[in-house]
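Note sheet for the following structure.
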2 protein chains.
Amino acid sequence: MTTPGRGLHGRVLDTLGPAITAGEYPPGSVLRTDELAQHFEVSRSVMREAVRVLESMHLVESRRRVGVTVRPKAEWNVYDPQVIRWRLAGADRPHQLRSLTVLRSAIEPVAAGLAAQHATAEQCAELTECALGMVANSRGHKLEQYLVHDIAFHRVVLTASGNEMFARLGDVVAEVLAGRTHHEVMFEDPDPAAVTLHVRVAEAVRAGDASRAEELTRQIAVGALQELDILAP
Amino acid sequence: MTTPGRGLHGRVLDTLGPAITAGEYPPGSVLRTDELAQHFEVSRSVMREAVRVLESMHLVESRRRVGVTVRPKAEWNVYDPQVIRWRLAGADRPHQLRSLTVLRSAIEPVAAGLAAQHATAEQCAELTECALGMVANSRGHKLEQYLVHDIAFHRVVLTASGNEMFARLGDVVAEVLAGRTHHEVMFEDPDPAAVTLHVRVAEAVRAGDASRAEELTRQIAVGALQELDILAP
DNA sequence: GTGACATATAAGTCTGACTTTTTGCGGCTG
DNA sequence: CAGCCGCAAAAAGTCAGACTTATATGTCAC
């Protein structure tokens, strides 16, 4: 994670960001820099820096003689990892989790297909190692260890795809997977079918079989969607 | 586009952002706030605000006693529309265009499938209207008019998917399509096959046929990939 | 060589004064 | 009464300067 205490303005953002993304200040609300500065007991300069950051995330808009107005949700930079984290920590966590899982279901199969074409020998080795780690921890309440390998697996696939946009989703996927284990439906042990699929994806990538890697990953995605009742079972 | 002159710090970003994303300051480079402020002839407060924004995009990291260091490309928030615009305007425009097109090819088919399930009657009407507009302007050097309808079409599909993450890619797709018409391979007239596919997607969405909408959109995506020689023809 | 300590450096913070833009009101005019 | 113009207030924006804090690095003793 990004360090939380990277300056006073960061401390302010840790409170204000979640508040806005949680809808505590509904869209159209008008804030004033001076009042906020007083409320958070920081100087105006610090407050201005915080507002600038929120502005760059399209969460708010600052206009002269008006103040700092909260923008409608549809305009937010929802791909900003910081925004994602704030929303995952807040009230619309379930909604955010669904959006992200659907996004994953679109991206990861394609990424796996590309990985089969572009993965280096080293990446293939990492992948099988991750898959084996998942197998080894798939039974007997070793959920934390399992999670570590699961996250690593998906991160390697996204990176090996060779597409920078896909690669940057590694953190997001990590957040989703961690969330599932820690807050959502927490199975006693992971679904054995899912574990097997991961192993087979690793094999397909190693074999350079793009369409098989893609199809298998699609099946993993379907499983994730079903877990959230997005697809009929 | 976002208004260019939203304050002095914005003016600074318009120069500094493109410079960094273009690799003019290679990763690891160290800048100093005071020097930058002098160079851009602004006060330190303004410069600090600009640095904060760059920091929130993960383009730079500011540390005491060290300065403002440029982060490696792999850590940038490549989904930030501002960053995308800077990169599209700079040297690695071709590379960025490829990444984005691959991203589109993963997302849009899934989005079209969801649109077929969730689109309102109004959205269906908009979609057919866009498709007809594309047909009407597909012959006779009316590329600009064609582009407008093409952009609108894809934006409606992404919005109608009902997924906020997909919806927010509308601007990105618009940027890519506009780029293709204005800077890249500029055909005399658009490919008739592509135009037909758009019409058929509109029909499939209207009919609520998710898998057909998805498959047809996948074909559109394949065409876009072939244009950039990402797929063998 | 290793450890503790001193120092210089650059970011971080605060304050107060000033500027600029913009909204909304009020009065003027037709 | 409608419409227009211009004034005044409000809030963000900008600047300059003084001060604080963290920290990388060099120095010295052991």
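In what follows, every chain begins at residue 1, and chains take the letters A, B, ... in the order their sequences are listed. Computed from a predicted model, the values in this text were never measured in an experiment.
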Starting from C1' on D/dG13, measure out to CZ on A/Arg32 and report it in whole angstrom. 17 Å
Between B/Arg48 (CZ) and D/dG13 (C1'), how many Å, whole number? 16 Å
The nucleotide from D/dA12, D/dA16, C/dT13 with an atom nearest the side chain of A/Val68 is D/dA12
Could you tell me how far apart A/Arg11 (CZ) and C/dC14 (P) are, to the nearest whole angstrom? 10 Å
Between C/dT13, C/dT23, D/dA12, which nucleotide gets closest to the side-chain atoms of A/Val66? C/dT23
Between C/dC14 atom P and A/Glu49 atom CD, what is the distance in whole Å? 10 Å
Do A/His149 and A/His154 have ring centres separated by under 6.0 Å? no
Compute whether any side-chain donor of one residue and acceptor of the other, for A/Glu108 and A/Thr217, lie under 3.5 angstrom apart. no
Measure CG/A/Leu8 against P/C/dA11 and give the value in whole Å, please. 17 Å
Students often get this wrong, so: under 4.0 angstrom with heavy atoms, is A/Val51 touching a base, only sugar-phosphate, or nothing? nothing
Go through the N and O atoms of the side chain of A/Arg64 and the base of C/dT20, and report whether any donor-acceptor pair is under 3.5 Å. yes
Side-chain N or O of B/Arg6 less than 4.0 angstrom from OP1 or OP2 on D/dA12? no
Pick from B/Val172, B/Val148, B/Ile151: which one makes a side-chain contact (heavy atoms from CB on, under 4.5 Å) with B/Leu177? B/Ile151
In this structure, how many angstroms lie between the P atom of D/dT14 and the CZ atom of B/Phe40, rounded? 15 Å
Regarding B/Arg44, tell me which of base, sugar-phosphate or nothing describes its non-hydrogen contacts under 4.0 Å with the strands shown. base
Does a side-chain N or O from A/Thr33 land closer than 4.0 Å to OP1 or OP2 of D/dA11, or not? no
Within the supplied structure, the quantity of interest is the number of heavy atoms (other residues, nucleotides, ligands) at a distance under 6.0 Å from B/Glu129 CD; does it exceed 12? no
Separation of D/dA10 P from A/Asp34 CG (nearest whole Å): 13 Å
Under-4.0 Å side-chain N/O to phosphate OP1/OP2 contact, A/Ser43 with C/dT15: no
Looking for any heavy atom pair under 4.0 Å, which part of the strands does A/Arg63 touch: base, sugar-phosphate only, or nothing? sugar-phosphate
For atom CE of B/Met47 and atom C1' of C/dT13, their distance in whole Å: 18 Å
Can you confirm whether the side chains of B/His182 and B/Glu144 place a donor and an acceptor under 3.5 Å from each other? yes
May I ask you to say what B/Ser45 touches in the nucleic acid, namely base, sugar-phosphate or nothing, with a heavy-atom cut-off under 4.0 Å? base
Distance criterion of 3.5 Å, no angle test: do you see the side chain of B/Arg65 paired donor-to-acceptor with the base of C/dA10? no
